[in-house]
Amino acid sequence: MHLSTGRRTPSRKGSMHDVPKELMDTIHELEKLFTVDINKMHAIVNRFVSELEKGLSKEGGSIPMNPTWVIGYPTGEECGTYLALDMGGTNLRVCEVELPEEKGQFEIYQSKYRLPDEIKLGDSDQLWDYMAECVKQFLAANHDQDLKDLEEMPLGFTFSYPCEQHAIDHGILQRWTKGFDIENVEGRDVVPLFEAALERKGVPVKIVALINDTTGTLIASAYTDDKTKIGCIFGTGCNAAYMEEAGCIPKLEHMKLDPKLPIAINCEWGAFDNEKLVLPRTIYDVIIDKTSPRQGQQLFEKMVAGLYLGEIFRLVLLDLHKNKDVHLFEGQDVSKLGLEYSIDASFLSDVESDPWENLMEVQSIFEKKLGISTTEPERKLIRRLAELIGTRAARLSACGIAAICKKKGYTSCHVGADGSVFNKYPNFQERQAQALREIFGWGPEIDTKNEPIQVVPAEDGSGVGAALIAALTLNRIKQGIHAGVNVKRKNSLIPPTPSAN
């Protein structure tokens with residue numbers, strides 16, 4: 001199914017000798033449906049490059065390509081104690097990060113708080129007040145003195161949703177992703193909304209930088225590894241960030257910046273191919289889009305991100321069960337399988353991780369979570385389906401990485417990657433690396449350990465990265481580099497002067 005130049009594509013099909021013909025025919029149909037071959041990958045990469053360019057243009061495109069106002073890589077002069085708040089898709093994480101004088105070193109103290117589902121669909125004040133309360137609890141637990149006696153602490157706020165940023169401490173939410181749908185936030189600057197909640201709760205914190213987790217991943221990884229040129233997230237959502245010279249960003253021409261000034265770009269590439277021109281979408285991808293809160297948006301993300309992998313899997317199995325010619329789960333109650341988003345990416349991960357030839361762990365998983373008894377041939381179809389969905393996600397994600405490398409002319413670099421799918425999904429990293437090998441045509445003479453472009457586990461972008469960006473921002477303000485700092489904000493990071501008006 002896949003080219004295998006120097007790397008055996010990870011898969012564990014097992015023996016299929018006992019699988020009935022109609023189930024084998026179904027497996028073959030699924031393989032045709034979910035396989036992304038090399039020709040399709042090249043087509044996707046080429047389209048991706050043009051969409052990245054379009055996003056930087058004055059006219060813009062589907063991929064937002066947001067300038068983050070994170071200027072330059074860490075130099076090692078970032079020192080001090082900083083707070084970081086990470087608002088991801090499922091958790092809220094509060095960190096205190098100490099940056100010593102030695103570059104690449106740090107100490108971190110952190111606590112995690114669950115983001116309840118009702119808050120994801122609640123109102124604006126409920127969200128910000130909950131987050132401010134979490135920060136308050138963290139500071140109270142980690143500092144001996146009363147909060148009102150604490151000096152105001154600088155905070156890097158990791159807000160991993162598409163924002164239009166005219167300044168490092170400013171961000172207008174363009175749209176919610178990852179299952180959030182809170183009214184009265186889209187189209188507004190989230191920094192004053194959150195700062196108002198911090199004030200209400202009496203929390204001595206100043207937001208210095210608003211960042212995306214992907215930008216944080218880029219900066220944190222570059223802090224410890226000079227070869228890093230791209231940061232990626234493959235988790236609940238998916239995204240990438242990289243450094244672009246200001247002179248290559250036509251939509252910033254009016255600011256008359258130094259053309260060589262390096263600015264981190266938050267791609268928000270989940271929106272790639274919203275025009276539906278090149279991605280190999282199946283009927284199941286169409287259903288996921290039609291039933292999502294944001295129909296017609298984030299189409300690439302809906303094929304790659306962890307939030308959707310389990311739902312694709314569930315829709316396929318339910319469809320096969322309803323097909324009388326397939327004979328899957330015959331005569332059984334599949335009501336639990338009928339519940340939307342009742343299966344997540346960790347379910348697929350467990351299916352792929354089953355080490356037994358007869359897939360007894362898959363049997364146990366289906367009985368416990370879905371109340372469905374499975375035959376061994378059914379389990380082999382289930383296992384193959386999980387492999388196909390996971391492999392498709394890995395290969396599509398490699399297309400995005402390859403597109404940035406081609407656009408920037410990178411022939412050798414590290415890509416710092418984070419997220420639950422990248423870190424925990426079986427064989428995702430190997431499948432992604434194999435796809436890159438195919439796209440760039442690396443031959444067997446290039447050992448897998450010495451591949452020119454390598455996707456490696458990232459440093460903590462949303463924690464350490466956010467703290468580093470807060471430090472970078474305060475340092476450049478001290479040096480008089482005020483580009484991309486909000487002078488109109490209440491309690492501006494830059495003291496108001498007549499020339500700033």
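Only a predicted model underlies this, so the values are computations on that prediction, with no experimental measurement involved. Heavy atoms only: backbone and side chains are in, while hydrogens, waters and symmetry mates are out.
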- Could you please spell out the steps behind the side-chain contact (heavy atoms from CB on, under 4.5 Å) verdict for Leu315 and Ile283? CA-CA 10 Å; Leu315 287 170; Ile283 183 62; over 6 Å; no
Q) Taking it one step at a time, do Thr391 and Phe34 satisfy side-chain contact (heavy atoms from CB on, under 4.5 Å)? A) CA-CA 9 Å; Thr391 299; Phe34 285 98; over 6 Å; no
Could you please spell out the steps behind the side-chain contact (heavy atoms from CB on, under 4.5 Å) verdict for Gln165 and Asn266?
CA-CA 10 Å; Gln165 279 194 273; Asn266 166 28; 5.9 Å; no
Apply side-chain contact (heavy atoms from CB on, under 4.5 Å) to residues Ile219 and Met243 and explain how you reach the verdict. CA-CA 10 Å; Ile219 296 301; Met243 283 287 171; 3.8 Å; yes
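Under the 4.5 Å side-chain criterion, counting only non-hydrogen atoms from C-beta, Met24 is in contact with Ile27. Taking the side chain as every heavy atom from C-beta outward, Asn486 and His166 never approach each other to under 4.5 Å. Put simply, the side chain of Asp225 does not reach to within 4.5 Å of the side chain of Glu459, judged on heavy atoms. Here the side chains of Lys54 and Ile63 are not in contact, with every heavy-atom distance at 4.5 Å or above. Contact of the Lys227 side chain with the Gln454 side chain is not registered, since no non-hydrogen atoms from C-beta on lie closer than 4.5 Å. When side chains are defined from C-beta on, Gln297 does not count as touching Ser292, because their heavy atoms never get closer than 4.5 Å. Side-chain contact check for Pro192 versus Glu195: every heavy-atom pair is 4.5 Å or farther apart. The shortest side-chain heavy-atom distance between Thr90 and Arg114 falls under the 4.5 Å cut-off.
Note that CD of Glu51 is 10.5 Å distant from CD of Glu53, once rounded to the nearest 0.5 Å. Atom SG in Cys399 sits 10.0 Å away from atom NZ in Lys40 (nearest 0.5 Å). To the nearest 0.5 angstrom, Cys232 atom SG is 8.0 Å from Asn239 atom CG. The distance from the CG atom of Leu218 to the CD1 atom of Ile230 is 9.0 Å, given to the nearest 0.5 Å. Note: Ile404 CD1 to Lys406 NZ = 13.5 Å, rounded to the nearest 0.5 Å. Taking CD from Gln429 and CG from Asn427, the interatomic distance works out to 9.5 Å, rounded to the nearest 0.5 Å.
Note on Lys276 versus Asp285: no salt bridge recorded, every NZ/NE/NH1/NH2 to OD/OE distance being 4.0 Å or above. Taking a cutoff of 4.0 Å between a charged side-chain nitrogen and a carboxylate oxygen, Glu311 and Lys302 do not qualify as a salt bridge. A salt bridge links Glu186 to Arg294: one of the charged nitrogens lies within less than 4.0 Å of a carboxylate oxygen.
The backbone N or O of Gly416 lies less than 3.5 Å from no partner atom in the side chain of Ser221, so there is not a single donor-acceptor pair. A donor-acceptor contact shorter than 3.5 Å links the side chain of Asn274 to the backbone of Leu299. Thr282 places a side-chain N or O within donor-acceptor distance of the main-chain N or O of Tyr284, the cut-off being under 3.5 Å. Between the side chain of Glu245 and the backbone N or O of Leu261, no donor-acceptor pair lies under 3.5 Å. Listed for the Asn66 side chain is a donor-acceptor partner under 3.5 Å among the backbone atoms of Cys163. Listed for the Arg395 side chain is no donor-acceptor partner under 3.5 Å among the backbone atoms of Ala435. Under a 3.5 Å cut-off, the side chain of Asp289 and the backbone N or O of Gly296 do form a donor-acceptor pair. Under the 3.5 Å distance criterion, the side-chain polar atoms of Asn91 are left unmatched by any main-chain donor or acceptor of Arg93. Put simply, the side chain of Asn450 never gets that close to the backbone of Ile446: no donor and acceptor are under 3.5 Å apart. Here the side chain of Asp189 pairs a donor or acceptor atom with the backbone of Gly171 at under 3.5 angstrom.
Taking every heavy atom of both residues into account, Met255 and Trp69 meet most closely at SD-CH2, 3.4 Å. Smallest separation of non-hydrogen atoms from Leu348 and Ile343: CD1-CG2, 4.0 Å. Scanning both residues, Arg392 and Ile312, for their nearest heavy atoms gives NH2-CD1, 3.5 Å. When every heavy atom of Ser397 is checked against every heavy atom of Ala394, the shortest pair comes out as OG-O, 2.7 Å. When every heavy atom of Gly231 is checked against every heavy atom of Thr214, the shortest pair comes out as O-CG2, 3.2 Å. The shortest non-hydrogen separation linking Gly104 to Tyr223 is N-CZ, 3.2 Å.
The aromatic rings of Phe194 and Trp128 lie tilted to each other, with the angle between the two planes from 30° to 60°. Tyr425 and Phe428 have perpendicular rings, their planes meeting at more than 60° on a 0 to 90° scale where under 30° would count as parallel. Using the six-membered ring where Trp is involved, Phe422 and Phe234 have ring planes that are tilted, between 30° and 60° apart. Aromatic ring pairs are classed by plane angle as parallel below 30°, tilted from 30° to 60° and perpendicular above 60°; the pair Phe347 and Phe313 is tilted. By the 30° and 60° cut-offs, the orientation of the rings of Trp176 relative to Phe180 is parallel.
Each of Asp344, Thr236, Thr177, Val421 was compared with Leu307 under the side-chain contact (heavy atoms from CB on, under 4.5 Å) criterion, and only Thr236 meets it.
When only modelled atom types and interatomic distance are considered, Asn212 and Glu268 share a side-chain donor-acceptor pair under 3.5 Å. At a cut-off of 3.5 Å, with distance as the only test, a side-chain donor of Gln434 or Glu438 sits close to an acceptor on the other residue. Defined by atom type and a distance below 3.5 Å, a donor-acceptor pair is present between the side-chain atoms of Thr75 and Glu78.
In this structure Tyr242 satisfies the side chain to side chain donor-acceptor pair (under 3.5 Å) test together with Glu244, sequence neighbours excluded. For Leu318, the side-chain contact (heavy atoms from CB on, under 4.5 Å) partners at least two apart in sequence or on another chain are Arg314, Lys322, Val334, Leu337. Considering only residues two or more places apart in sequence or on other chains, Pro426 meets the side-chain contact (heavy atoms from CB on, under 4.5 Å) condition with Ser349, Glu352, Ser353.
The number of heavy-atom neighbours closer than 6.0 Å to CD of Glu445, taken from other residues, nucleotides and ligands shown, is above 12.
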